[in-house]
Structure formats: structure tokens, C-alpha cells
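A short worksheet on the structure shown next.
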Amino acid sequence: MSHILILVLFEKVSILHLLRPVSSSNDSVKGGSLYLEQQRHSDKPAFQKLDRIAAFKMGDTQTSSKDKEVKAKESKDKGFGKEEFRAGGDVSKSKKVQRNSTLGNTEGAEKEGKGISRKKKEKLTKRENPDADLEDFVRAAQIQVKVEPEEEDFCINKKDKVKKRLREQEEPGGSLLESAKKKKKVKMEVEEAEQEPEKQRKKKKESKVKAKKEQEGRPVSAREGGKHKKSKEEVEAAKALKIKKKEEEELQRWRWWEEEKYEDGIKWKFLEHRGPWFPAEYQRLPDNVKFYYDGKLVTLSSAAEEVAVFFAQMLDHEYTTKEVFRNNFFSDWRKEMTLEEKMIITDLNKCDFSEIYKMHKEKVEARKNQGKEEKQKTKDANQKLLEEYGYCTLDHHRERIGNFKIEPPGLFRGRGDHPKQGMLKKRIQPEDVIINCSKDSKIPQPPLGHQWKEVRCDNTVTWLASWTENVQGLCKYVMLNANSKLKGEKDWEKYEIARKLKSCVETIRTQYQADLKSKQMGIRQRAVALYFIDKLALRAGNEKEEGETADTVGCCSLRVEHISLHPELDGEKYVVEFDFLGKDCIRYYNKVPVEKAVFKNLKLFMEDKQPGDDLFDRLNTAMLNKHLHSLMAGLTAKVFRTYNASITLQQQLKELTNALDNIPEKILSYNRANRAVAILCNHQRAPPKTFEQSMANLQAKIDNRKEQLSLAKKELKQAKKDAKDHADDKLLA
DNA sequence: ATACGAACTTAGTATTCCGCAC
DNA sequence: GTGCGGAATACTAAGTTCGTAT
């Protein structure tokens with residue numbers, strides 16, 4: 001469970017790559033590795049996952065449900081501890097392996113051009129742009145995960161807690177922070193490990209843990225005694241308690257994997273919950289906080305004021321400087337205004353939110369500075385809320401709900417160049433909410449004076465409540481936590497399918513290799529797409545409605561403008577250069593050498609097309625998945641991502657780890673393996689706002705040490721000289 | 001065959017928690 | 001005792017998949 005957050009700086013590029021561990025349940029791929037789900041959710045899932053991972057050896061493919069049980073049991077008995085691993089292996093390598101099998105494959109009908117070229121005038125607005133180095137790095141890593149940037153350059157070892165994650169920071173080189181704005185920081189999930197110099201710390205920790213354990217039984221608040229000691233003891237006692245609690249929870253865990261599964265899509269037999277929790281109604285601003293328009297005081301109606309506050313609170317954020325955001329906001333804000341307000345307020349630029357903004361800042365500040373007791377109070381209140389609304393009963397077991405709070409109103413924060421950013425996300429009322437639970441359960445009571453939109457009892461779905469959001473008209477759901485049975489089971493299934501793929505992936509590869517030469521264009525396109533999905537772990541790439549979302553693509557929705565072909569590049573033949581925005585507007589940039597047949601096909605697909613035309617104009621995800629289904633039950637495009645991430649992790653771990661390594665070394669290897677997966681999956685994120693500051697602090701520390709060092713050296717020199725002189729004098733004397 | 005939407009998974013960002021060094 | 005920095009958690013946007021209606 002240790003995962004680490006790492007910041008990787010690619011030199012020259014001012015790009016920050018953060019590799020973060022992969023979360024498990026959230027993403028099969030994401031990290032493929034051990035990033036246990038818990039990261040996002042509770043720890044429990046992590047354990048579960050580990051468990052499963054233990055059972056997930058890419059090696060053994062066929063697992064019957066019995067096997068599963070057995071394996072699960074075994075791992076359970078061993079005590080959870082390993083994470084599951086999702087991915088594994090150096091992709092390119094595995095590709096090189098000769099595939100010989102033949103698979104009777106089914107062909108899908110090919111459909112004549114859907115090739116409507118959509119002109120995307122928008123060029124990719126990429127979040128950032130990487131530099132060549134980065135690209136090279138990524139590519140290299142991708143193709144051959146072994147390549148590691150000088151990680152060692154900068155490994156600070158922080159803690160050795162055995163159980164804690166480490167993070168490693170790598171800084172390759174030089175001018176990292178090139179343009180701050182170019183925050184292109186890509187963050188990949190990685191973890192880092194650190195080499196840890198001090199084993200002592202570890203020891204310390206270990207002894208601490210021991211101490212904790214010893215104290216387990218004692219009351220938490222032993223307040224007598226010396227202050228210092230006291231608090232220390234208290235802390236330890238608290239820790240011990242925590243551990244104990246966890247252990248107990250573990251004991252009580254619902255071992256659903258040891259039970260029979262329901263058939264026919266039944267997800268539960270009994271479901272009872274309290275319904276979602278609703279955020280408090282809006283409270284008007286105090287009288288001394290005013291809003292001005294064009295320098296004149298304007299007293300807003302409640303509805304308009306609330307929306308104004310949403311905007312004012314975001315004033316610090318870059319969002320509020322974006323034209324689209326401002327326009328959408330203003331347009332939606334006006335809808336909330338009274339006629340009179342609409343007449344007055346016609347230009348956002350003339351609005352003065354400064355007092356509201358100031359008040360908000362003060363509130364945040366005050367919250368930060370509130371005393372211990374107050375903080376405790378809030379904490380207690382939250383805890384109470386959680387106890388009350390955060391759990392449900394599912395088939396006799398108490399399960400944690402993942403998101404029991406109805407999303408509060410606010411301004412929509414779409415990612416990238418989302419055309420709807422800034423629109424008002426309206427307040428959800430009970431009248432908008434559908435409740436799902438057992439007929440024979442205690443039906444949740446809507447808040448006083450309200451009614452549910454509907455109460456239904458559908459046990460073929462896993463959600464407890466749902467509503468339709470107004471910005472995009474999508475359904476939102478209240479579902480269980482990742483460590484619940486419903487999520488865990490699904491997750492397990494996911495990895496089982498990936499395992500199954502392992503047994504037939506070579507056959508499938510052989511098949512699409514052959515299809516590269518098919519006479520039917522559609523089949524060729526499918527083969528090339530599959531090649532990319534398999535080799536590069538691209539997402540399927542569904543079609544999206546233009547104008548409704550940011551312009552992002554996946555494999556099937558790639559357009560001609562997203563790739564360029566290089567018959568030869570940097571000494572390699574048949575290189576395809578990818579540059580597009582993928583999910584969440586994360587840029588995918590990669591230069592990959594491909595097989596000649598793939599290259600030729602791409603050339604063919606691009607003939608007579610405009611940059612905005614679909615590369616695979618005779619293919620879509622439905623067709624691709626239909627084909628995959630025919631090759632293996634349960635197989636879809638995303639399974640390749642799960643599979644390749646998992647196999648990459650596994651292979652990397654194998655390759656990088658020595659049985660004799662100590663724990664820090666193993667963690668380092670783990671982090672590297674995880675990073676390879678992150679690179680494969682193009683997991684990135686922006687650097688934290690505090691990044692530059694922390695880097696500056698670190699640099700200051702380094703400088704300081706260097707100075708001390710040189711000073712010490714000088715002193716040493718002088719001392720030696722003195723000693724020598726002195727000795728000479730003595731001799732002379 | 002396609003379009004559509006429900007249901008879920010995947011994923012990045014924001015916030016909170018917590019340990020540690022000073 | 002404080003503040004920093006990283007881990008954990010919370011939040012919710014953005015994908016995929018699949019079944020059904022058109």
C-alpha cells in the first residue's frame with residue numbers, strides 16, 4: 001500500500017511529471033500497480049485489492065470461480081498485504097514476441113464511409129506542450145520501459161516507514177522550471193522511492209510501532225504526567241487504537257468473495273439507506289458585505305447573490321479569466337436575476353465582487369486558524385454526518401457509501417477548453433432525486449417539506465440515489481464506496497478478464513497482424529486501431545457530440561491532424577508521431593516506431609483527407625468492441641489497457657527487484673515499475689500550486705548545505721595548514 | 001445500423017489530515 | 001507549538017460499455 005507521489009522534472013522541459021501511483025479500483029490502469037484503491041477511498045479496498053492481486057498472476061490465466069475462491073481465501077489467510085497488480089509488462093517487448101496462434105476470428109461487417117470529415121477548426125489546445133526531451137523520455141520509456149531517466153539524481157529519502165509510501169522526486173536536470181506558465185507539467189503517476197540513507201529511522205519507527213502495540217489496551221486519554229511525555233504517549237495510544245480498530249474492522253470485513261454470486265444481473269436482495277445528504281440552503285451575505293456595479297451599490301436578490309458568490313469565490317482561479325467561463329457564467333447568472341437586476345447588470349467587467357471575495361478569503365483564513373476545539377467540533381460534526389448518512393445496509397451488511405452528499409451548486413468546472421465551463425450548476429432538490437432501495441426497507445424520508453422525485457426498487461442496479469445534472473444533462477449517482485462488495489466484485493471481474501486476455505492475447509495479436517493486410521479497409525482500420533490500443537494503451541475513443549464537451553479523442557476518434565508519419569526519424573524507421581488531447585484534456589505526445597504494415601496503412605488512411613477528418617473513418621468503438629467480443633467473451637477495448645498496465649507492472653517488478661534488496665530498494669523498484677505504468681498510460685497531472693515554492697525551499701536548503709560544505713572544506717584546509725605550520729615550528733624549535 | 005441514454009469505471013483536482021523538523 | 005509537505009480522502013468530471021429504441 002505504499003505509494004508515493006512523485007514529482008518528476010524533465011530537464012529542459014520545464015515540465016513536471018508527477019507520477020502517481022495507480023489507483024486500483026478506480027482505474028484499472030491507472031497506475032496499474034499497486035496504487036491501491038485506497039488512495040481514493042478507504043484503505044480497506046486496498047487490502048482487498050492486494051489480495052486479489054496476489055491472485056492475479058498474469059501467469060495463470062484460467063481461473064475458474066472456484067479458483068478464485070480458493071485464491072482469495074489463500075491470500076486472505078495470508079493476511080492481506082499485497083496489492084493487486086494490474087498491469088504488467090513491457091509492452092513493446094511482449095509485442096516483439098512472435099505470435100503464432102491463429103484464432104478463428106469473426107469479421108464484422110464493414111461499413112461504408114462514415115467518413116464525414118469534421119472540421120475541427122480548433123487546433124488542439126493543449127494543456128501544454130512538452131518538449132522534446134520529455135517526448136523522448138516518454139517514448140523511450142514507453143517503448144522500453146527500462147529506460148529510466150536519471151532518477152537517482154535527486155532522491156531524497158524521506159521516511160522509511162515501512163508502511164508509508166515514499167515519494168521520490170526526481171529531477172533530471174537543469175532548467176526545469178522553464179516557463180512557469182508552461183505548466184505543462186505532466187504528472188505521471190509515479191511513485192518514487194527513495195533511497196533511504198537512514199535505516200535508523202526505520203528502526204525508530206519499528207520500535208514505535210512496537211510500543212504502540214504494547215500500549216494498545218490503554219485508555220486513549222491518559223492526560224496525566226509530564227506534558228511532553230503525556231502527549232507523546234497519547235499520540236501513541238491513539239495510534240495503537242487506530243491500528244486496533246483497523247484490525248477489528250478487518251476481522252469484521254464482509255467476505256463476500258467467499259459467497260455465491262447472484263445471477264441474472266441481480267445486484268442485491270436488500271438495500272436500505274437514509275437517502276442522500278443535502279447541502280444547507282444558501283444564507284445571505286451579511287449586511288456589511290456589498291456588491292457594486294459600475295461603482296454603484298446594488299443589493300442583489302438571494303438567487304442572484306448566491307451565484308455572484310460562486311463567482312467571487314473563484315476569483316483566484318484561472319477559470320475566471322477565461323472568456324468562455326466568464327461568458328457562460330454571466331449568461332447563467334443573468335438567468336437568476338430579477339428583471340430589475342438584469343436591467344442594471346449588463347457587463348461582467350463592471351461588476352465589483354471584491355467585498356464578497358474578501359469575505360470569502362477571511363472565512364477560509366478563519367477556518368484555518370480556528371482553535372483546536374473548534375476544529376474538533378467540525379470534525380465531530382462531519383463524523384456524525386458520516387455515521388448518519390454515510391452507510392447503508394446491503395444484504396445484511398453495513399456498507400460505506402462513496403458519495404452520500406448531493407453535489408452542491410456552483411459553477412461548472414469542465415476541464416480543458418470545455419465549452420460549458422462557468423455555467424451554473426444548479427442546486428439539487430429532493431424533488432430532483434430518485435431513490436433506489438428495497439421495498440421492504442425503511443424508505444428514506446425526504447427533507448422536511450419536500451418529496452422525492454421517485455422511489456424505486458431496482459435491484460439490478462447498484463445506485464442508491466440519482467439525479468440529472470443541469471449543465472450537461474447527465475445522470476449522477478450515489479453509489480457505494482470502492483471497498484464495498486458491489487465495487488469490489490466488479491473490480492475483481494475486471495482483473496479476471498484481463499487475466500483471461502493474457503491467455504489469448506497472442507492469438508489476438510496474430511489476428512490483427514493478419515488483418516493489417518485485409519482487403520477490406522474497415523478491417524484494416526480495425527487492425528491498426530487495435531494495434532495502437534494494444535501497443536500504446538490508448539483508450540477506445542468514443543465519438544462525442546461536438547460543442548458539448550472539450551475536443552478530446554481516443555483511438556477510434558483520432559483525426560488525421562493528430563498523427564504525423566515519419567518514414568525515418570532519429571535513426572528509426574516508420575515512426576508515428578502522436579499529438580492529441582485525451583481524456584481530461586491531457587496531452588498525449590509520443591513518437592513510436594511501428595511496423596511497416598501499420599505505417600503503410602496509416603498512409604493509406606490519410607490519403608485524400610483533411611486534417612480534421614477521422615483517421616479511422618470506417619471504424620467506431622462499437623464495431624471494434626463487437627469484434628473483440630467475438631474473439632473473447634467479455635473482451636472490450638479497455639481491457640487491453642488494464643492488461644497491458646498490469647503486465648507492465650509485473651514485468652517491471654520482476655526485472656527491477658532483487659530478492660536480496662532491502663525495503664527501500666524494493667520501494668524504489670516498485671516506484672519505478674509504477675512509473676513505467678504511468679508512462680504507458682499517460683497518467684499526468686498538474687503540479688501542485690505549492691510546487692514552485694517547495695522547489696525553491698529545497699534549492700535553498702541545498703545551497704545552504706553547499707555553502708556549509710565549502711566553508712567546512714576551507715576550514716579543514718586551513719586547519720591542515722595550521723597544523724603543518726605548527727608542526728614545522730615545532731620541528732624547528 | 002444507429003442513436004441514445006443508463007450505468008459504471010476511470011481520473012484529475014481540491015481539501016483535509018498527519019507526521020516531522022525546527 | 002508551528003508550519004511545511006506529503007499522504008489520504010473527498011469530490012466530481014470524463015470516459016467506456018451495453019441495452020434498447022428508432
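Since this is a predicted model, take the numbers as computed values, not measurements. The analysis underlying the following values was restricted to heavy atoms, covering all of them including side chains, and did not include hydrogens, waters or symmetry mates. A note on names: the letters A, B, ... follow the listed sequences, proteins ahead of strands, and every chain is numbered from 1.
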Every protein N/O lying under 3.5 Å from an N/O of nucleotides 20-22 of chain C:
none

Q.
Which nucleotide wins on minimum distance to the side chain of A:Lys379, given the candidates B:dC17, C:dA14, C:dG15?
A. B:dC17
(Q) What's A:Thr552 touching, base or sugar-phosphate or nothing? Going by heavy atoms closer than 4.0 Å. (A) sugar-phosphate
Q. Taking atom types as modelled, is there a side-chain donor on A:Tyr495 or A:Asp491 under 3.5 Å from an acceptor on the other?
A. no
Q. Taking the side chain of A:Ala540 as heavy atoms from C-beta outward, which of B:dA14, B:dC8, C:dT16 is closest to it?
A. C:dT16
Q: Have a look at A:Lys420 and say if it touches a base, only the backbone sugar-phosphate, or nothing, with a 4.0 Å heavy-atom cut-off.
A: nothing
Q: Return the residues of residues 457-470 of chain A meeting this criterion: a heavy atom under 4.0 Å from some atom of DNA chain B. Order them by number, or give none.
A: A:Thr460, A:Val461, A:Thr462, A:Trp463
(Q) Could you work out, with side chain to side chain contact (heavy atoms under 4.5 Å, CB included) as the rule, every residue matching A:Lys453, not counting sequence neighbours? (A) A:Ile434
Q: List in chain and number order the residues that pass side chain to side chain contact (heavy atoms under 4.5 Å, CB included) with A:Glu373, two or more places apart in sequence or in another chain; answer none if no residue qualifies.
A: none
Q | Sugar-phosphate only, base, or nothing, as touched by A:Lys425 at under 4.0 Å among non-hydrogen atoms | A | sugar-phosphate
Q: Tell me which nucleotide among B:dG12, B:dT9, C:dT17 gets nearest to the side chain of A:Lys487.
A: B:dT9
Q) A:Tyr477 side chain: which of C:dT12, B:dT9, B:dA6 is closest? A) B:dA6
**Q.** Most 5' of A:Asn382 and A:Leu474 on DNA chain B, judged by nearest nucleotide
**A.** A:Leu474
Q. Given the side-chain rings of A:Phe412 and A:His418, with only the six-membered ring counted for Trp, is the space between their centroids under 6.0 Å?
A. yes
Q: Scan A:Asn625 against the nucleic acid and name what it touches under 4.0 Å (heavy atoms): base, sugar-phosphate only, or nothing.
A: sugar-phosphate
Q. Taking atom NZ of A:Lys322 as the centre, does the number of heavy atoms from other residues, nucleotides or ligands within less than 6.0 Å exceed 12?
A. yes
Q. Any idea which of B:dT10, C:dA13, C:dT17 is nearest the A:Lys583 side chain?
A. B:dT10
Q: Describe the nucleic acid contact of A:Gly554 in one word from base, sugar-phosphate, nothing, applying a heavy-atom distance below 4.0 Å.
A: nothing
**Q.** By side chain to side chain contact (heavy atoms under 4.5 Å, CB included) - contacts of A:Asn542 (at least two apart)
**A.** A:Thr621
Q | Short side-chain N/O contact from A:His317 to OP1 or OP2 of B:dT13, under 4.0 Å | A | no
**Q.** Test side chain to side chain contact (heavy atoms under 4.5 Å, CB included) applied to A:Arg427 - qualifying residues, sequence neighbours left out
**A.** A:Pro279, A:Glu281, A:Tyr282, A:Glu306, A:Pro409, A:Gln429
Q.
Over 60° means perpendicular and under 30° means parallel, so tell me whether A:Phe329 and A:Phe311 are parallel, tilted or perpendicular.
A. parallel
(Q) So if I apply the side chain to side chain contact (heavy atoms under 4.5 Å, CB included) rule between A:Trp492 and each of A:Lys494, A:Glu489, A:Glu496, A:Lys490, which one comes out positive? (A) A:Glu496
Q: Nearest-nucleotide wise, let me know which of A:Lys490 and A:Cys475 is further upstream toward the 5' end of DNA chain B.
A: A:Cys475
Q: For A:Gly582, answer base if it contacts any base atom (sugar-phosphate contacts may also be present), sugar-phosphate if it contacts only those atoms, and nothing otherwise; contact means non-hydrogen atoms under 4.0 Å.
A: sugar-phosphate
Q: Check whether more than 12 heavy atoms from other residues, nucleotides or ligands sit under 6.0 Å from atom CD of A:Glu387, and answer yes or no.
A: yes
Q) What is the nucleic acid contact for A:Ala637, judged by heavy atoms within less than 4.0 Å: base, sugar-phosphate only, or nothing? A) sugar-phosphate
Q. A:Lys626 side chain N/O closer than 4.0 Å to the phosphate oxygens (OP1, OP2) of C:dC18?
A. no
Q: Look at the side-chain N and O atoms of A:Lys638 and state whether any lies under 4.0 Å from the OP1 or OP2 oxygen of B:dT9.
A: no
(Q) Nearest to the side chain of A:Asp491, heavy atoms from C-beta on, is which of C:dC18, B:dT10, B:dT9? (A) B:dT10
**Q.** Candidates C:dT17, B:dG12, B:dT13 - which lies nearest the side chain of A:Ile586
**A.** B:dG12
